Amino acid sequence: MIRTVEPPAHVSAPVLAAYGYCETVTGQQARNFAYGIRLLPASKRRAMSALYAFSRRVDDIGDGALADDVKTARLEDTRSLLTRIREGAVDEDDTDPVAVALTHAARVFPIPLGGLDELIDGVQMDVRGETYETWDDLKVYCRCVAGAIGRLSLGVFGTEPGARGAERAPEYADTLGLALQLTNILRDIREDAQGGRTYLPADDLAKFGCTAGFAGPTPPEGSDFAGLVHFEVRRARALFAEGYRLLPLLDRRSGACVAAMAGIYRRLLDRIERDPGAVLRGRVSLPGREKAYVAVRGLSGLDARHMTRRTVRRRA
């Protein structure tokens, strides 16, 4: 069982300022994530913002225009900073607010910071330009860049005391991360192709005649692009179904946060399924009012109760 540690009553002004910086980064650059974490109590929301801000720094290095050798060097510098954070060697007056905030969060909550090492490993795969032959190969990458984030987040959320099956919470968090990442990959097919990246497994591309890639607004000639997308959507739905077993193991507000973030991505998946070609014409997104509805639904506990009933039926 992963129990949440109660935060200390007092947080110093420098640490609060560092958290404030992380919350600003999160609000500006992670709309979907920000919709979810606003449902958390302040201490958990701040810790999640610190995790996001550090993760964003890593992602920005990988996605930037620097030469690959410079990216590699900066990723290693970031890994060295993570070592200092892990060792508690970052002072409150340090000039790096992300490091200050994450150091404090890791003291308050049992965050498995090794997950951020995995994230750096995953971004290094991007820098090397790795491609993936099979789904099993792609899962390794997805676990680094998304499954690890699920496990890190679980360190902040904790599990409900006495929750049946709580020992499997890290597994479910990891699987839910895979579901979110596969949805991201489908949504960003064209953008990634224009950046010279292909994530979908080569086996799947060949099966549906899509090995020519997706640089344009139309599918490759003679391909079954819709078939490819529907195939990957089914895979993502299976991951969501398994990952949603996490919800009944969390307290109400943590469960609401997860349900809101996952619910937004599930609705994106619904849109992609209805119109597969949309991902080649532009970026598929949800309007703010729909995200707000998903957040309210998560806070009400509807998704958690729904998934609990489904889990009970499967086990019966």
Side-chain angles (χ1 to χ4, degrees), residues 29-33 52 55-68 70-72 74-75 118-149 177-221 223-236 239 261 264-273 275-286:
Q29 302 188 37
R31 300 291 177 84
N32 292 346
F33 188 81
Y52 174 82
S55 301
R56 181 73 189 203
R57 179 178 296 181
V58 175
D59 286 340
D60 284 348
I61 293 171
D63 292 337
L66 299 170
D68 288 350
V70 178
K71 289 182 179 182
T72 298
R74 291 200 176 182
L75 287 170
E118 293 180 55
L119 174 63
I120 294 171
D121 292 340
V123 173
Q124 285 179 326
M125 294 180 197
D126 281 335
V127 173
R128 293 193 298 267
E130 291 193 17
T131 56
Y132 308 97
E133 289 296 316
T134 67
W135 168 237
D136 284 341
D137 296 332
L138 180 58
K139 275 197 296 188
V140 174
Y141 170 78
C142 291
R143 284 209 160 94
C144 285
V145 299
I149 301 302
L178 264 64
L180 300 180
Q181 185 62 24
L182 183 53
T183 304
N184 266 335
I185 287 171
L186 288 172
R187 182 192 61 185
D188 297 340
I189 281 179
R190 184 180 178 187
E191 181 181 333
D192 289 334
Q194 291 173 333
R197 293 177 180 173
T198 301
Y199 290 101
L200 290 178
D203 282 358
D204 296 350
L205 297 177
K207 185 186 304 182
F208 294 96
C210 292
T211 54
F214 312 107
T218 58
E221 186 175 353
S223 69
D224 180 12
F225 179 71
L228 171 67
V229 170
H230 289 150
F231 178 79
E232 303 298 349
V233 166
R234 288 193 295 273
R235 174 176 280 155
L239 292 168
M261 288 189 285
I264 288 169
Y265 279 87
R266 286 180 69 205
R267 284 172 176 263
L268 283 174
L269 201 63
D270 291 342
R271 290 191 172 208
I272 292 169
E273 183 178 39
D275 183 8
V279 298
L280 298 181
R281 298 191 298 270
R283 190 177 179 87
V284 179
S285 61
L286 299 183

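All figures in this text were calculated on a predicted structure; none of them were measured in a lab.
- For the atom pair H230 NE2 and F208 CZ, the distance stands at 10.5 Å (nearest 0.5 Å).
- Note: Q124 CD to D121 CG = 6.0 Å, rounded to the nearest 0.5 Å.
- Within the 4.5 Å cutoff, no side-chain heavy atoms of C144 are placed close to those of V123.
- More than 12 heavy atoms of other residues, nucleotides or ligands shown are found within 6.0 angstrom of CZ on R190.
- In this structure, E191 CD and R283 CZ are separated by 5.5 Å, a value rounded to the nearest 0.5 Å.
- Between V145 and G122, the closest heavy-atom pair is CG1-CA, 3.8 Å.
- Going from atom OH of Y132 over to atom CG of D203 covers 14.5 Å, rounded to the nearest 0.5 Å.
- Considering only heavy atoms from C-beta on, Y199 stays 4.5 Å or farther from Q181 through its side chain.
- When side chains are defined from C-beta on, L280 counts as touching I189, because their heavy atoms get closer than 4.5 Å.
- K71 places no side-chain N or O within 3.5 Å of a backbone atom of V127 that could act as its donor or acceptor partner.
- In this structure, the side chains of Q29 and D60 come closer than 4.5 Å at one or more pairs of heavy atoms.
- For the pair R187 (side chain) and L268 (backbone), a donor-acceptor distance under 3.5 Å is absent.
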What do the steps show when you test R197 against D63 for side-chain contact (heavy atoms from CB on, under 4.5 Å), and what is the final call?
CA-CA 11 Å; R197 293 177 180 173; D63 292 337; 3.0 Å; yes

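- Contact between C210 and S223 at its shortest, heavy atoms only, is SG-CB, 3.7 Å.
- Contact of the K139 side chain with the L178 side chain is registered, since non-hydrogen atoms from C-beta on lie closer than 4.5 Å.
- For the pair D270 and R266, the salt-bridge criterion is not met [side-chain N within less than 4.0 Å of a carboxylate O].
- Separating the CD1 atom in I272 from the CZ atom in R267 is a distance of 14.0 Å, to the nearest 0.5 Å.
- In terms of heavy atoms, G209 sits closest to P220 at O-CB, 4.2 Å.
- Between L186 and V233, some side-chain heavy-atom pair lies under the 4.5 Å cut-off.
- Here K207 does not pair with D224 in a salt bridge; the nearest charged N to carboxylate O distance is not below 4.0 Å.
- Put simply, the side chain of Y141 never gets that close to the backbone of D126: no donor and acceptor are under 3.5 Å apart.
- Within the 3.5 Å criterion, the main-chain N or O of P201 finds no donor-acceptor partner in the side chain of D204.
- Pairing each heavy atom of A179 with each of A236, the nearest pair is CB-O, 4.0 Å.
- Taking the side chain as every heavy atom from C-beta outward, T198 and F214 never approach each other to under 4.5 Å.
- The distance from the CG atom of D137 to the OG1 atom of T131 is 9.0 Å, given to the nearest 0.5 Å.
- Contact check for V140 versus M125: side-chain heavy atoms found under the 4.5 Å cut-off.
- At distances below 3.5 Å, at least one donor-acceptor pair connects side-chain atoms of T72 with backbone N or O atoms of D68.
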Evaluate the criterion side-chain contact (heavy atoms from CB on, under 4.5 Å) for residue pair L182 and Y265; output intermediate values, then yes/no.
CA-CA 10 Å; L182 183 53; Y265 279 87; over 6 Å; no

